[in-house]
Amino acid sequence: MYRTHTCGQLRIEDCGKEVTLSGWVQKSRDLGSMTFIDLRDRYGITQLVCDDTTDKSVYETAKTLSREYVIQVKGLVRERSSKNNKIPTGDIEIEVKDINILTTSKIPPFTIEDNTDGGDELRMKYRYLDLRRNCVKQNLELRHRLAMMVRNYLSNENFLEIETPFLIRSTPEGARDFVVPSRMNPNQFYALPQSPQQYKQLLMVSGFDRYFQIVKCFRDEDLRADRQPEFTQIDCEMSFVEQEDVLNMFEGLIKSLFKQEKGLEFGKFQRMTWHDAMKYYGSDKPDLRFDMKFVELNDVFQGKGFSVFDDAELVVGICAKGCANYTRKQLDALTDFVKRPQVGAKGLVYVKYNEDGSFKSSVDKFYTPEDLQKVAEKFGAEKGDLMLVMSGKTMQVRTQLCALRLEMGSQLNLKDPFNYAILWVTDFPLLEWNEDDQRFYAMHHPFTAPNPEDYPEKLDTDPGAVRANAYDLVINGTEVGGGSVRIHDRNMQLRMFEALGFTEESAKQQFGFLMSAFEYGAPPHAGLAFGFDRLCAIFAGADNIRDFIAFPKNNSGRDLMSDSPNFISDEQLEELYLALKPVEK
RNA sequence: GGUCUGGUAGUUCAGUUUGGUUAGAAUACAUGCCUGUCACGCAUGGGGUCGCGAGUUCGAGUCUCGUCCAGACCGCCA
């Protein structure tokens, strides 16, 4: 028997017991004629002691132990003479009677501690060692708990978890597909699913009126801190429901997770239309942990001879509470921030509402104190506030001001990761115009149902203004989930394809099986999917989802541990009827 | 496809602004001492292709160009 207890288990009441423990050597502290060893496993750390009561040959073995050796120890539990209240086993220690070295270890390239000395790259390369660290292990434990809660909640609500295929047909809409060559069907390829979208809709046609799946999805797009090429969704679909039913069901799920995991209770989640989110926060995923709402200022700023504002489509600003004391240097830094290529603004206008009631702005040449007073009134600004104003084309300037708003939120410490601001964003546009291709694309996906108020009339007259029955769940500025009511009527689906520039034939070619299925009695249905990795990160107050995935990829989509992707042999290529093309510089 | 930041002992970093003697610190590692440590302590020691390549120069870790790698972001992500 390798162990009678784990390394996190023994307490003061176990004193006097003969026990056997197995684990990794965390650290050895040699005090001369006395040696302490911290033994670690998944459950915790237990201190081992060798002193003059220890058999000499056993002590000699103890002296040879080095970090990360795997050992088995037999000994007696005894009370410590000096306790350690930092660990749960801190009241006891093991008087070592026998040590068995199970395996030795090379010196690890970084320390296996919460405050490791290892950098990201090194930790990825030796991910199996990184996972030994308590903080990383706890992230995976959190992930497991949340997955269990999701399964329990949905199972109790009569949802069935049904697996869908990973080797599927490629569809050109949406993100790039990862493709897999088929040996048995030369020159033909499978694709890995970007999501099980069409399969879950088929399951609705099949009568499984409540489906879910915690499932891997694959997208061959550039990565970010919150984007991995393979990631996990909580994918859900329901039949005989309207948008309201879906929002209520999954609001319940999210509330249940927060209640169980964090003991937090929330009232009804705030809702905001996509239009308002863009107008007041410049983003379809506004961070509502702080306010700093956009205020549109065309009427007070235009017509006074300041051509930058006079010529702009939109003049819009935010008010930073208590920031009128910002120095010239700080204001210049903000200007530099918005001028960075990532933000892309031309400049930034500030108006200080000083404590003495006077105004100081970067455009004093053009505006009288009375003008600026009106601006302040628009903002509802008080003495001591700083107003920051930008102008330009409507959508562009909103995006730029959004970047500034988030930056101010960071500077003013308004982004407490454990203060959760949750909202539904609803009424997304159905279609999105693409300048490059000169055509509309589905903003969500081509199966999303239009809002009945806008269909069919507006689809002909003003396609860009048609609202969809689509919704996102946003927490602290992160999109953690999204979904829609689906089209279940074949004619409506054909109209949609038409609007997207598909012919009936090309639509059939790509989505034929779904369209065929809809000819055999499709129920009204709707659903959504949550980004499970992001959800885990948010529960832990983290930004990067990598720490919540056991074996993640890096920025370039590489697995630094296994060094993949990598080349395959000529034999493999031959078998797959593939030939490589040289990379052009 | 683009913008920015970084690459120097096993590791994390300083040094680069202003080119100039033998490239430092902490930590890790090794050896010795130490009976209550738990970030143990003390002493000693080993450890460097300054990412790679080219250039400028009497001389390059330091300046220039190219390139590779890593990270953050923009585009992209139905």
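Each chain gets a letter, A, B and so on, in the order the sequences are listed, and its residues count up from 1.
For the P atoms, the distance from rU21(B) to rG66(B) is 29 Å, rounded to whole Å. As rounded to the nearest Å, rG7(B) and rG47(B) have P atoms that lie 25 Å from one another. Across the C1' atoms, rC50(B) and rU11(B) are found 16 Å apart, a figure rounded to whole Å. The C1' atoms of rU3(B) and rC13(B) are separated by 26 Å, rounded to the nearest whole Å. Atom C1' of rA23(B) sits at a distance of 12 Å from the matching atom of rU16(B), rounded to the whole Å. For the C1' atoms, the distance from rU56(B) to rU62(B) is 14 Å, rounded to whole Å. The separation of rU8(B) from rC69(B), taken at their C1' atoms, amounts to 15 Å, rounded to a whole angstrom.
Residues A175(A) and S82(A) each lie close to RNA chain B; by heavy-atom proximity, the contact nearer the 5' end of the strand is made by S82(A). Residues P109(A) and F447(A) each lie close to RNA chain B; by heavy-atom proximity, the contact nearer the 5' end of the strand is made by P109(A).
Partner assigned to rU56(B) is none, using Watson-Crick or G-U wobble distances below 3.5 angstrom. In this structure, rU16(B) makes no Watson-Crick or G-U wobble pair, since no nucleotide meets both defining distances under 3.5 angstrom. Figure legend. rU67(B) is base-paired to rG51(B); pairs are counted as Watson-Crick or G-U wobble with both atom distances under 3.5 Å. Nucleotide rG10(B) forms a Watson-Crick or G-U wobble pair with rU27(B), both donor-acceptor distances falling under 3.5 Å. When Watson-Crick and G-U wobble pairs are counted only if both distances are under 3.5 Å, rC34(B) pairs with no nucleotide at all. A 3.5 Å limit on both hydrogen-bonding distances identifies rA72(B) as the Watson-Crick or G-U partner of rU3(B). Pair assignment for rA39(B) gives none, since no Watson-Crick or G-U wobble pairing has each distance under 3.5 Å.
By the ring-ring contact (aromatic ring centres under 6.0 Å, His included) test, H5(A) is found to be paired with no residue, residues two or more places apart in sequence or in another chain being considered. The side-chain hydrogen bond (donor to acceptor under 3.5 Å, both in side chains) check on D55(A) picks up S57(A), with sequence neighbours excluded.
Spacing between atom CZ of R78(A) and atom C1' of rU35(B) amounts to 11 Å, rounded to whole angstrom units. For K106(A) and rG10(B), the NZ to P distance is 14 Å, given to the nearest whole Å. Atom CZ of R29(A) is separated from atom P of rA39(B) by 7 Å (rounded to the nearest Å). If you measure from atom CG of L122(A) to atom P of rU8(B), you get 11 Å, rounded to the nearest angstrom. As a whole-Å value, the separation of D533(A) CG from rC77(B) C1' is 15 Å. In this entry the distance linking CG of D120(A) with C1' of rU12(B) reads 12 Å, nearest Å. Counting to the nearest Å, the C1' atom of rA39(B) and the CD atom of Q26(A) are 12 Å from each other. Between R67(A) atom CZ and rU27(B) atom P the separation is 14 Å, expressed in whole Å.
The number of heavy atoms from other shown groups lying within 6.0 Å of CG (D543(A)) does not exceed 12.
One finds a side-chain N or O of S33(A) lying less than 4.0 angstrom from the OP1 or OP2 phosphate oxygen of rU35(B). The shortest distance between the side-chain N/O atoms of R224(A) and the OP1/OP2 oxygens of rC74(B) is below 4.0 Å. Considering only side-chain N and O atoms, N555(A) lies nowhere under 4.0 angstrom from the phosphate OP1 or OP2 of rA70(B). Side-chain N/O atoms of N554(A) include one lying less than 4.0 angstrom from OP1 or OP2 on rG71(B).
Heavy atoms of K339(A) sit nowhere under 4.0 angstrom from any nucleic acid atom.
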Could you go through residues 395-403 of chain A and list every donor-acceptor pair under 3.5 Å that involves a side-chain atom there, pairing it with any protein atom two or more places apart or in another chain?
| residue | atom | partner | partner atom | Å |
| --- | --- | --- | --- | --- |
| R398(A) | NH2 | E296(A) | OE2 | 3.2 |
| T399(A) | OG1 | M395(A) | O | 2.9 |
| Q400(A) | NE2 | G344(A) | O | 3.2 |

Sequence neighbours excluded and cut-off under 3.5 Å, please list the side-chain donor-acceptor pairs for residues 500-510 of chain A, or say none.
| residue | atom | partner | partner atom | Å |
| --- | --- | --- | --- | --- |
| T503(A) | OG1 | E505(A) | N | 3.4 |
| T503(A) | OG1 | S506(A) | N | 2.9 |
| T503(A) | OG1 | S506(A) | OG | 3.1 |
| S506(A) | OG | T503(A) | N | 2.9 |
| S506(A) | OG | T503(A) | O | 3.1 |

Using atom types as modelled, flag every donor-acceptor pair under 3.5 Å from a side chain in residues 463-473 of chain A to any protein atom, sequence neighbours excluded.
| residue | atom | partner | partner atom | Å |
| --- | --- | --- | --- | --- |
| R467(A) | NE | D454(A) | OD2 | 2.9 |
| R467(A) | NH2 | E453(A) | OE1 | 3.1 |
| R467(A) | NH2 | D454(A) | OD1 | 3.3 |
| Y471(A) | OH | S484(A) | N | 3.4 |
| Y471(A) | OH | S484(A) | O | 3.2 |
| Y471(A) | OH | G527(A) | O | 2.9 |

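Aromatic ring pairs are classed by plane angle as parallel below 30°, tilted from 30° to 60° and perpendicular above 60°; the pair W274(A) and F428(A) is tilted.
Note that R439(A) lies in the cation-pi zone of Y441(A), set by a 6.0 Å cut-off to the ring centre and a 45° limit from the axis.
No donor-acceptor pair closer than 3.5 Å links the side chain of S556(A) to the backbone N or O of R558(A).
Side-chain atoms of D222(A) lie closest to rG1(B) of the nucleotides rG1(B), rU35(B), rU37(B).
In the region residues 494-517 of chain A, proximity to RNA chain B at under 4.0 angstrom, judged on heavy atoms, holds for none of the residues.
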